[in-house]
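Quick notes on the structure that follows.
The figures that follow rest on heavy atoms only: side chains count, while hydrogens, waters and symmetry mates do not.
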Amino acid sequence: MHHIDQAPFFTQIQNSKRILLAGAGGGFDIYSGIPIYKRLVNMGKQVVLANFSFTLLEETTTKEVYPNCHIVKSGDSDYSGRGYFPEKILYSFLVTQGIETEIYGLRRLGVKPTTSSYRYLVKKHNIDTLVLVDGGTDSFMFGDEEGLGTPQEDVCSMISAFRSGAKKQFLISLGFGVDHFHGVSHYRFLENVAELMKNEGFLGVIQLLPQMEESRLFQELVDYANSRMKGKESIVANSVLSAIQGEYGDVHRTNRTEGSELWINPLMAMYWAFDLRKVVKNIKYYDYVKDSKSIGDINTGISAYRRQVDTFREKRQIPI
């Protein structure tokens, strides 16, 4: 039984001891989890970080500790010429804060190799709780919506974490509204949240406010990364930071969003927390992608599922 002054996510995680906090969708998703990371550490939890990576890890000096799973350190170098290494920048930032922790990068592959990597990390660190973080909301598209966004990496991480063997499994989302650019209907997102509420799969919301210690750490991280990845800044992280700071409407913190209209709003700075197992059970194309070995396989599986759907839930705008 929960009470109005309790966040169900933190109530359920209260007795967890060793937590794997992982970015679900590649890129900067793990950055969206750093405020949660800060709170968990302050609660006395042991927390290991991981990210389903867009970095070409095979073209870095990172150590491959398990097939397709690399441990990242601040001294690692990227030889790809892309200038894109969010995990290294995160590690370096945490060192400036006096924080030493393991950060792993998982290569951008399919469900089978990613599941194997998660099982390795769960066993190696004796993990009892796995928390996936999504920067955005397209991980909550069940598959029969007219617009899915870009769920390939998210669903790979979700199914892999689901099959990881971790006793407790959660999925949290930060950045309501940022996926409008990718064709996600937030009307359908809210409809899916309502469906998850019916079986207690939705664990409530947690608002990031500017006066919070965790929010200040997030701002420092985003500013640190922006200064080191000019031209490749995280659109999600910068949009969320604008929302935390009380900005509203068409506000741009990075040139990457020029030419588009943004809707920065207070809901964007809100964590939505879920029981991962109950979310995964609603993925209608689960059987089509569960044995995938590559992102290409996942794309093929999603397409195969959607070809046999008679009627999609059409895109709708929130009627307010």
Side-chain angles (χ1 to χ4, degrees), residues 7-9 23-29 32-33 36 52 131-159 161-162 169-208 234-237 239-240 242-244 248-249 257 260-286 289 298 302 305-306 309 311-320:
F9 167 74
F28 290 87
D29 267 11
S32 294
I36 293 287
F52 190 85
V131 181
L132 281 182
V133 184
D134 178 28
T137 55
D138 55 359
S139 54
F140 300 94
M141 297 295 102
F142 294 160
D144 61 345
E145 300 86 357
E146 183 180 357
L148 293 186
T150 56
Q152 294 87 344
E153 292 83 12
D154 293 327
V155 78
C156 178
S157 294
M158 290 161 62
I159 296 175
F162 171 70
Q169 302 174 2
F170 301 95
L171 174 62
I172 56 177
S173 164
L174 180 67
F176 180 92
V178 300
D179 287 317
H180 177 74
F181 177 79
H182 291 128
V184 170
S185 166
H186 288 80
Y187 178 98
R188 296 302 176 195
F189 166 72
L190 293 174
E191 181 179 43
N192 292 350
V193 172
E195 182 64 28
L196 289 163
M197 290 179 71
K198 293 176 182 177
N199 64 355
E200 300 183 0
F202 177 44
L203 303 178
V205 295
I206 306 159
Q207 182 75 44
L208 287 174
S234 169
I235 292 173
V236 172
S239 297
V240 168
S242 292
I244 292 173
Y248 186 82
T257 57
S260 63
E261 183 179 1
L262 302 182
W263 181 46
I264 306 300
N265 67 88
L267 297 178
M268 199 171 277
M270 186 179 291
Y271 282 113
W272 302 67
F274 300 84
D275 181 325
L276 174 63
R277 289 185 172 95
K278 293 178 180 179
V279 178
V280 169
K281 287 179 180 178
N282 281 279
I283 298 174
K284 298 181 183 301
Y285 53 88
Y286 176 95
V289 300
I298 294 176
I302 293 175
Y305 162 75
R306 288 173 68 82
V309 176
T311 303
F312 291 105
R313 287 185 283 157
E314 65 179 349
K315 291 181 185 177
R316 292 186 60 180
Q317 298 301 317
I318 299 172
I320 54 176

Fill in: CD/E200: more than 12 non-hydrogen atoms of other groups inside 6.0 Å
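Result for CD/E200: open.
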Measuring from [X]:[atom1] to [Y]:[atom2], what's the distance to the nearest 0.5 Å?
X    : Y    : atom1 : atom2 : value
E145 : R306 : CD    : CZ    : 7.5 Å
N282 : E195 : CG    : CD    : 6.0 Å
L276 : I159 : CG    : CD1   : 10.0 Å
L208 : I36  : CG    : CD1   : 7.5 Å
T150 : D179 : OG1   : CG    : 6.5 Å
Y286 : Y305 : OH    : OH    : 15.5 Å

Kindly give the heavy-atom pair with the smallest separation between [X] and [Y], and that separation in Å.
X    : Y    : result
V178 : G136 : CG2-CA, 3.7 Å
G143 : F312 : O-CE2, 4.3 Å
A269 : L174 : C-CD1, 3.8 Å
A243 : I264 : N-CG2, 3.5 Å
T137 : S173 : CG2-OG, 3.6 Å
L148 : D138 : O-CB, 3.5 Å

If we only count heavy atoms from C-beta on, is the [X] to [Y] side-chain gap below 4.5 Å?
X    : Y    : answer
N265 : Y248 : yes
Y187 : P319 : yes
M141 : F189 : yes
F52  : D29  : no
F9   : V131 : yes
S32  : V240 : no
F162 : R277 : yes
M270 : F176 : no

Fill in: Under 3.5 Å donor-acceptor, K284 side chain and D144 backbone
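Checked: no pair found.
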Worksheet item: Is the distance between the ring centroids of F140 and F274 under 6.0 Å?
Response: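 Aromatic pair counts; centres sit under 6.0 Å.
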Discussion item. One pair to check against side chain to side chain contact (heavy atoms under 4.5 Å, CB included): R188 and K315. What are the steps and the verdict?
Written reply: CA-CA 7 Å; R188 296 302 176 195; K315 291 181 185 177; over 6 Å; no
Discussion item. Between R313 and E191, does any side-chain N to carboxylate O distance fall below 4.0 Å?
Written reply: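 Looking at R313 and E191, the cut-off is met.
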Discussion item. Determine whether Y285 and V309 satisfy the following criterion, side chain to side chain contact (heavy atoms under 4.5 Å, CB included), listing intermediate values before the conclusion.
Written reply: CA-CA 11 Å; Y285 53 88; V309 176; over 6 Å; no
